Amino acid sequence: MSEFYRETSSLENKAELWFTENHTPNVRFSIRVDTHLISKKSPFQQIDIFTTPEFGKILVLDGYLMLTEKDEFIYHEMVTHVPMAVNPDIKNVLVIGGGDGGTVKQLVKYDTIEKITLVEIDKLVVDLCREYIPAVASELSDKRVSLKFEDGLKFVRQTTEKFDLIIVDSTDPFGPGEGLFTKEFYGNCCKALSDNGIFVNQHESVFYSEYANAMKKAHSKIKEFFPYSLCYQSHIPTYPSGHWLFGFASKVFDPRRDLQFGKWENLNIKTKYYNTTLHLGAFALPQYVRDTLR
Ligand code: SAM
């Protein structure tokens, strides 16, 4: 959980505010804060937004850092361009969670995408991100985006629609996000995908045991439904350990073998982190991660 440290520096005798997140019971990550912009409790979670000198605005849910203006591009580019470069013909996309708008901000770069359904359980997250972090949330107003404020678990249970891509951009496997790490959820996502559909999810990290267990469980459940189920990685400075994983699952695509280099390059999509060379490298996981996954 986060704790706010108010320290009075001995020299200027000025109060300093820090946002601190406990990555483990023995590891803390702190960011100096300029202002605590907003603090609201929704029926689902505590929502805080701060301004910080190093990372710009930061979004915190229930004391866990969700995104920062400075490094959000890494996560959001990796959950979108990896699947899009495997199947550039994707037209109908479902995003579960993602109320900050960062994933949608990347998806709308593709003129080929015809429809984006965003299923976010907490409308207040969308409202506050639109108001306080428009640099990330502004594309939620794109005419192709349809916002649904409901539980993603229930949505995939009852939808009859078929999606070419499902991106699970959820919080961690507790609180409102818990249901998005269950066998039932993965099975229903598999049913909601078209035959050449792709499923991508934020997959935590294995560096700290607290996260590794959740990640191992999620991975073994996803593998039950998809012939191709691989993890890929990126460096996210503000996430626990900085080494963050994503899951790629599909009934037909191997994300390394089927990468459409030429087709994706010809789309001229502007990125700051993703490129097709890094795409292949992202799936070259460290040995300890491979051993954990096995
Ligand atoms: N990129 C962030 C990360 O990896 O931690 C996630 C960002 S986004 C803010 C996570 C969103 O998932 C939150 O807005 C939260 O309200 C939403 N969420 C959590 N559980 C959900 C559920 N069961 N259905 C739909 N949205 C959910």
Side-chain angles (χ1 to χ4, degrees), residues 59 66-69 71-123 125-126 129-130 133-150 152 155-156 159 161-171 180 189 192-194 196-203 232 234 236 244 246-250 253 255 258-261 263-276 278-279 282:
L59 169 69
M66 290 291 129
L67 71 81
T68 82
E69 280 183 315
D71 72 357
E72 60 79 22
F73 70 94
I74 302 172
Y75 174 100
H76 294 119
E77 288 191 17
M78 290 305 277
V79 291
T80 51
H81 303 309
V82 167
M84 290 304 297
V86 172
N87 180 12
D89 300 328
I90 284 170
K91 297 200 176 1
N92 191 16
V93 183
L94 171 61
V95 178
I96 295 176
D100 52 71
T103 296
V104 165
K105 177 181 168 187
Q106 297 299 327
L107 287 169
V108 297
K109 292 178 177 176
Y110 293 86
D111 298 338
T112 44
I113 290 178
E114 293 168 358
K115 187 180 169 198
I116 302 168
T117 303
L118 184 118
V119 180
E120 163 57 62
I121 200 166
D122 193 344
K123 183 175 182 303
V125 170
V126 172
C129 289
R130 275 177 151 158
I133 320 181
V136 179
S138 57
E139 298 297 352
L140 287 172
S141 313
D142 185 288
K143 60 183 184 334
R144 291 170 288 176
V145 178
S146 116
L147 293 172
K148 293 185 184 308
F149 299 114
E150 58 183 282
F155 178 86
V156 290
T159 186
E161 208 171 335
K162 289 292 177 196
F163 297 94
D164 305 316
L165 172 60
I166 297 178
I167 299 174
V168 185
D169 178 13
S170 70
T171 41
L180 306 181
C189 283
L193 280 171
S194 53
N196 62 354
I198 296 174
F199 174 86
V200 166
N201 65 314
Q202 78 91 353
H203 217 321
Y232 59 102
S234 76
I236 302 183
W244 209 252
F246 306 92
F248 178 106
S250 172
F253 291 121
D258 299 321
L259 168 58
Q260 303 290 318
F261 286 87
K263 262 181 115 176
W264 190 83
E265 302 291 352
N266 289 338
L267 292 173
N268 291 315
I269 301 284
K270 191 157 170 20
T271 59
K272 270 173 74 176
Y273 187 86
Y274 176 84
N275 59 56
T276 49
L278 177 133
H279 177 117

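Predicted model, so just to flag it, every value in this text is computed and none were measured.
In this structure, the side chain of D258 does not engage the main chain of V86 through any donor-acceptor pair within 3.5 Å. Using modelled atom types, one side-chain atom of S194 and one backbone atom of F163 make a donor-acceptor pair closer than 3.5 Å. Side-chain atoms of E77 come within 3.5 Å of backbone atoms of Y273 as a donor-acceptor pair (strictly under, hydrogens ignored). In this structure a side-chain-to-backbone donor-acceptor pair under 3.5 Å is present from Y232 to M78. A donor-acceptor contact shorter than 3.5 Å links the side chain of N87 to the backbone of D89. Side-chain N or O atoms of N92 include one that pairs as donor or acceptor with a backbone N or O of K162 at under 3.5 Å. Side chain of S138 to backbone of A135: no donor-acceptor contact under 3.5 angstrom is found.
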- Which is it for F199 and V168 under the side chain to side chain contact (heavy atoms under 4.5 Å, CB included) test, yes or no, and what are the steps along the way? CA-CA 8 Å; F199 174 86; V168 185; 3.6 Å; yes
- Run the side chain to side chain contact (heavy atoms under 4.5 Å, CB included) check on I113 and M84 step by step: do they pass? CA-CA 10 Å; I113 290 178; M84 290 304 297; 3.8 Å; yes
- Message: Pair L67, H76 - check side chain to side chain contact (heavy atoms under 4.5 Å, CB included), show working.
- Response: CA-CA 10 Å; L67 71 81; H76 294 119; 4.3 Å; yes
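Taking each heavy atom of G99 and C129 in turn, the nearest pair found is O-CB, 4.3 Å. Closest approach of L193 and I198 over heavy atoms only: CD2-O, 3.5 Å. Of all the heavy atoms in I90 and P83, the pair that sits closest is CD1-O, 4.0 Å. Heavy-atom minimum distance, N196 versus F253: O-CE1, 3.2 Å. Closest approach of A192 and I166 over heavy atoms only: CB-CD1, 4.1 Å. Annotation for P88 and K263: closest pair CG-CB, 4.1 Å, computed over non-hydrogen atoms.
Of the candidates D100, L140, V126, E120 forms a side-chain contact (heavy atoms from CB on, under 4.5 Å) with just one, namely V126. Considering I167, V156, L165, L118 in turn, V156 is the only one that fulfils the side-chain contact (heavy atoms from CB on, under 4.5 Å) rule with L94.
Rounding to the nearest 0.5 Å gives a distance of 12.0 Å between CD1 of I121 and CZ of F149. Annotation: the span from K115 atom NZ to K91 atom NZ amounts to 14.5 Å, rounded to 0.5 Å. To the nearest 0.5 angstrom, T112 atom OG1 is 10.0 Å from L107 atom CG. The CG atom of N266 sits 13.0 Å away from atom CZ of F261, with the distance rounded to the nearest 0.5 Å. T103 OG1 to I96 CD1: the interatomic distance, rounded to the nearest 0.5 Å, is 12.0 Å. Expressed to the nearest 0.5 Å, how far CD1 of I133 lies from CD of E69 amounts to 6.5 Å.
Residues passing the side chain to side chain contact (heavy atoms under 4.5 Å, CB included) test with K148 are T117, V119, S146, E150, F155, sequence neighbours excluded. With sequence neighbours left out, the side-chain hydrogen bond (donor to acceptor under 3.5 Å, both in side chains) criterion links N275 to no other residue. Partners of Y274 under the ring-ring contact (aromatic ring centres under 6.0 Å, His included) rule, at least two apart in sequence or in another chain, are H81, W264, H279.
At a threshold of 4.5 Å between non-hydrogen side-chain atoms, the residues E139 and V145 do not count as touching.
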